[in-house]
Structures are given as C-alpha cells and as structure tokens.
Protein chains: 2
Amino acid sequence: MARRKKAGPDPLSTEEKIKEAARKVFLRKGFSGTRTRDIAEEAGINLALLNYYFRSKQKLFDEVMKEKIQTLLKTIIPVLQDNSTTLEEKIKLMVSNYFKVLSKNNDLPIFVLNELRKNNISFISNLPVGKAILQTSFMLQLKQRKANVDPVHFLMSMLGLIIFPFVAKPILTQSGMISERKFQSLIEERELLIPLWMKAILK
Amino acid sequence: MARRKKAGPDPLSTEEKIKEAARKVFLRKGFSGTRTRDIAEEAGINLALLNYYFRSKQKLFDEVMKEKIQTLLKTIIPVLQDNSTTLEEKIKLMVSNYFKVLSKNNDLPIFVLNELRKNNISFISNLPVGKAILQTSFMLQLKQRKANVDPVHFLMSMLGLIIFPFVAKPILTQSGMISERKFQSLIEERELLIPLWMKAILK
DNA sequence: GTCTATAACCTGATAGAC
DNA sequence: GTCTATCAGGTTATAGAC
C-alpha cells in the first residue's frame, strides 16, 4: 500500500495517502458505490481529514479520474504522433505500452469507460483530444496505405483487441471459462499476436 | 415508453411498468447510482408500490440483470452450439445477431460488464456457462482448422471487435472524435468487415 | 493538521389509511 | 392495489476542541 518513489523511509504525505486510497477504492467500486468512509479507512486517517484536503467527494473523484484518463492518453498519444516511426512500429508500441499499463491495473479501462458513460465528465468534453487523434502521424500513415479500411475502424479494432479482454475478465473468470492463470498467459500471447492480426487486417 | 406487444390499448401492468422503468434507470446509472425513487418516478407510480411488487431494490435489480445477461447469452450460445452451420456462417450470425441487439441498446455491454465486476453476481458463478462454451461446435470447428490461434483468443477477439465500439462510444463521441451519425455508419460497416477480418486472422 | 461529535440530508423500506 | 407519511439507518460535510 505504501508506495515509495525510492527506497528508505519517505512516508507518504497525508494528502498522498488519501489520494492513493481514493484511487484504490474508486477504481473498485466506482463513484456512487464508494463511501468517503471507505477511503478514509483505507488511508488510515479520519473522515474529516479527507474533506480538509479535498473539498468534497466529487472533487477528490475528479482528481483521480483526470489522472487515470491522462494515464490512458499518455500511453497512446505520443506513439500516434511520432513522425519518426513506421506504422508497424507504432502498432507494436501501442500494444506493448497498453499491456504494460493494463497488466498492473486490470480495472482501469472499464472504470474509466463506465464512469464516463454515467456522468458527462467535463474535462473530456473540453479538450478536443478526439479530433487531435484524427490528425496524428498514425492516421495519416494509415490513409497513405490506401488499405480498404477506414483508419477509425482500424484504431477502434486495435483498441478493442487490446482492451476488451481486460473489460471482459470478470465474465471470463467468474463464469469458469478460464482461470486467472490462463488469463495471464493469454494476455502475454496477445502482445505478440495483435500486431500480426492488425497486419492481416490491413491487407 | 409505453411498450405494447400489439397495437391497441393493452396498458402495461403496474408490475411491468416498474420493471420497464427499472431496466431504463439501472442501465443508465448502475445499481449504486440508482435511487428507487428514480425508478418509481420513471414508472409513474409511488415508491411504496415498488416495494410491494418487488421486495427490495436488490431483488428488482437482480431480475433486470438476470434478464440482460440472458439476452446477451441467447444471442451467442445457440449459434455457437449449432452443429449444422459452418464456422464462417457462425461468425456472420454472431456478428449480425449482436449488432441487432446492441444497436437498440448501446449501454447493455458496459452495464453488464461493470456490474459484474463490482458485485460478484451469484447466478453467473452458479451456471457453468463458461465451461460449456469451450465445448461448443464453434470451438471444436476452430480446433479442427488447426489454425495457429487458440480458440479462446479467437472468440475474445471477435467479441472485442463487436462489443468494444459500444463500450467506447461515450469516449469517442464526447471527445469529439466522431459524431453520433458517424458512429452509426461505422457500426453498420463493421457488420460486413468483422467476418472478413476474422477470416484474415484465421490464416 | 488531526481528531471527535454532530449537523443536515438522503435513501430504502414499511405502516397504515383508503 | 395504491397512496401518504414516516421511520430507521446511512452518508457527506462541517464545527470546534486539541
């Protein structure tokens, strides 16, 4: 629980303890399923202190959510924008970057996607990040291939192949279809398979 | 709102009015985000009446959830099990069946997947539906192809290609990447594209 | 900064009249 | 079956002592 940037003592500040607890609880239970008491308890501090540092449950949530969206975007945007890499290199990088992030945080995609669906989260609507993606090096390279597949299709498909297993994990494991171990090994295989599949789709 | 099985008067029974309202509100807000008062208001009846017909919020939710999971399973299981169709036919059928269901109910997948993640929904763990899928005609046909791809990979990928766009829709539209119209047209295209892609992946 | 105590409000569920 | 009124318990947020 106590995450340290380096070795040694360096106890987390109270503020960071609360935020770390909030990350954990919000991700597991969502906004409306989380009680501020849960966060306080998880952080080992008092409920009043949570409101002292963050004004409200909503503001604390917004900070966590903003951070998580940033994590997901930083995983993909720089790769898409890089003018010095080939299309194939970008695909491999996106896959490996995402698997690195999601393997440590299986719940991240479904948490973000679902909360974004329930509330209309303001800071997504504000940044025109969607339109920016349409003009990245990645999308241009796709167009230049003149493959008979819309670049948006291609991107959606790749993200689906990467992210969906994590979203579906609860159904797959709880229904007895695959074990936790089998899931892990499938994920590892996919890191190699998805780039091959995307190549096949392009032709 | 008033859904009728045939033309003519046939007003919904109170019980069905409540259930219909519950479907709508639960799907939009999830279990913990929904207040029973919201459902009562949506149904145009009183809060007390909700508890008269269904014993509790949880029981009403369970009925809705069970129904939705059934919808998703009935869309796919019979197709997977059918011994009289080819692999290619099954793929096309799954895709078109799912698009038919999901086009009318975009929120269905993320609702089910997320609630299943938060709570451990009992009736999924009980039915060994996961293991059953592994022994369907579909999975056997995949093995017989001796393609160098695990059938579970193949199924996960196909479901990802079908379902992920609906799960990601809030991000895609709210971020300004695509409009609602563009989303619809992309979905229609995918019904033809996904079977082709799956064929490409198989080789 | 951190705590205890509590205010102010909300929510699920029920009692009881009709 | 359906309603109004209300209870009992939980939840966010704050007041105030230390």
Side-chain angles (χ1 to χ4, degrees), chain A residues 1-4 9-66 111 114-115 118-122, chain B residues 1-4 9-66 111 114-115 118-122:
Chain A
M1 202 166 316
R3 223 175 51 181
R4 298 186 165 91
D10 183 17
L12 290 176
S13 70
T14 301
E15 183 169 354
E16 189 52 36
K17 267 196 295 186
I18 296 172
K19 219 169 170 182
E20 183 66 22
R23 279 189 269 263
K24 188 172 173 184
V25 181
F26 275 137
L27 245 85
R28 192 167 60 233
K29 303 191 178 184
F31 177 76
S32 56
T34 293
R35 297 172 305 156
T36 48
R37 279 171 168 77
D38 296 337
I39 298 175
E41 191 185 356
E42 177 75 33
I45 54 94
N46 186 276
L47 174 58
L49 217 46
L50 185 150
N51 287 87
Y52 173 78
Y53 280 99
F54 307 87
R55 259 172 48 99
S56 68
K57 176 185 178 182
Q58 184 69 53
K59 287 207 192 308
L60 177 53
F61 177 80
D62 286 348
E63 285 200 32
V64 170
M65 176 58 93
K66 193 166 189 169
F111 166 76
N114 190 57
E115 296 295 330
K118 289 201 299 185
N119 326 308
N120 290 0
I121 293 180
S122 51
Chain B
M1 204 166 317
R3 224 176 49 181
R4 298 185 167 91
D10 183 17
L12 290 176
S13 70
T14 301
E15 183 169 353
E16 189 52 36
K17 268 198 296 187
I18 297 172
K19 218 170 171 183
E20 183 66 22
R23 278 188 270 263
K24 187 172 174 183
V25 180
F26 275 137
L27 245 84
R28 191 167 62 234
K29 303 191 176 184
F31 177 76
S32 56
T34 293
R35 296 173 305 153
T36 48
R37 281 169 170 77
D38 295 337
I39 297 175
E41 191 185 356
E42 176 76 33
I45 52 94
N46 185 275
L47 173 58
L49 216 45
L50 186 150
N51 287 88
Y52 172 78
Y53 280 99
F54 306 87
R55 259 171 51 98
S56 68
K57 177 186 179 183
Q58 184 69 53
K59 287 208 193 307
L60 177 53
F61 177 81
D62 286 349
E63 286 200 31
V64 170
M65 175 57 93
K66 192 165 190 170
F111 165 75
N114 190 57
E115 295 296 330
K118 290 201 299 186
N119 326 307
N120 290 2
I121 294 181
S122 51

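The chains referred to below are lettered A, B, ... by the order of the sequence lines, with proteins before strands, and numbering in each begins at 1. None of these values were measured; they are calculated from a predicted model.
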Legend entry - Qualifying salt bridge (charged side-chain N to carboxylate O under 4.0 Å, His left out) pairs with a residue from residues 28-41 of chain B, counting only residues at least two apart or across chains: Lys29(B)-Asp38(B), Arg35(B)-Asp38(B)
Which is true for [X] with a 4.0 Å heavy-atom rule: it touches a base, it touches only sugar-phosphate, or it touches nothing?
| X | result |
| --- | --- |
| Ser13(A) | nothing |
| Tyr53(B) | sugar-phosphate |
| Ser32(B) | nothing |
| Leu47(A) | base |

Legend entry - Flag, side chain of Lys59(B) to backbone of Asn51(B), donor-acceptor distance under 3.5 Å: no
Inset, instruction - For the pair Glu15(A) (side chain) and Tyr53(A) (backbone), establish whether a donor and an acceptor sit closer than 3.5 Å, ignoring hydrogens and angles. - result: no
Legend entry - Nearest-0.5 Å distance that lies between atom CG in Leu12(A) and atom NZ in Lys19(A): 12.5 Å
Inset, instruction - Could you grab the distance from atom CD1 of Ile45(A) to atom OH of Tyr52(A), nearest 0.5 Å is fine? - result: 12.5 Å
Legend entry - Candidate pair Gln58(B) and Asp62(B), rule side chain to side chain contact (heavy atoms under 4.5 Å, CB included), full reasoning: CA-CA 6 Å; Gln58(B) 184 69 53; Asp62(B) 286 349; 3.0 Å; yes
Legend entry - Per-nucleotide pairing state of DNA chain C [Watson-Crick or G-U, under 3.5 Å; [ ] pseudoknot-crossing; | other strand]: ||||||||||||||||||
Using whole Å, report how far [atom1] of [X] lies from [atom2] of [N].
| X | N | atom1 | atom2 | answer |
| --- | --- | --- | --- | --- |
| Leu60(A) | dT11(D) | CG | C1' | 15 Å |
| Asn46(B) | dT6(D) | CG | C1' | 13 Å |
| Lys57(B) | dG9(D) | NZ | P | 18 Å |
| Gln58(A) | dT11(D) | CD | C1' | 15 Å |
| Asn51(A) | dT11(D) | CG | P | 15 Å |

Inset, instruction - Return the minimal non-hydrogen interatomic distance between Leu49(A) and Ile18(A), and the atom names on each side. - result: O-CD1, 4.0 Å
Inset, instruction - Applying salt bridge (Lys or Arg N to Asp or Glu O under 4.0 Å) between Glu20(A) and each of Lys24(A), Arg23(A), Lys17(A), report the one that passes. - result: Arg23(A)
Inset, instruction - Assign the ring pair Phe31(B) / Phe26(B) to parallel, tilted or perpendicular, where the plane angle (0 to 90°) is split at 30° and 60°. - result: parallel
Legend entry - Pairwise 5' ranking along DNA chain D for Arg35(A) and Tyr52(A), keeping only the more 5' one: Arg35(A)
Legend entry - Contact interval (first through last nucleotide) of DNA chain C with protein chain B, 4.0 Å heavy-atom: dT11(C) to dA15(C)
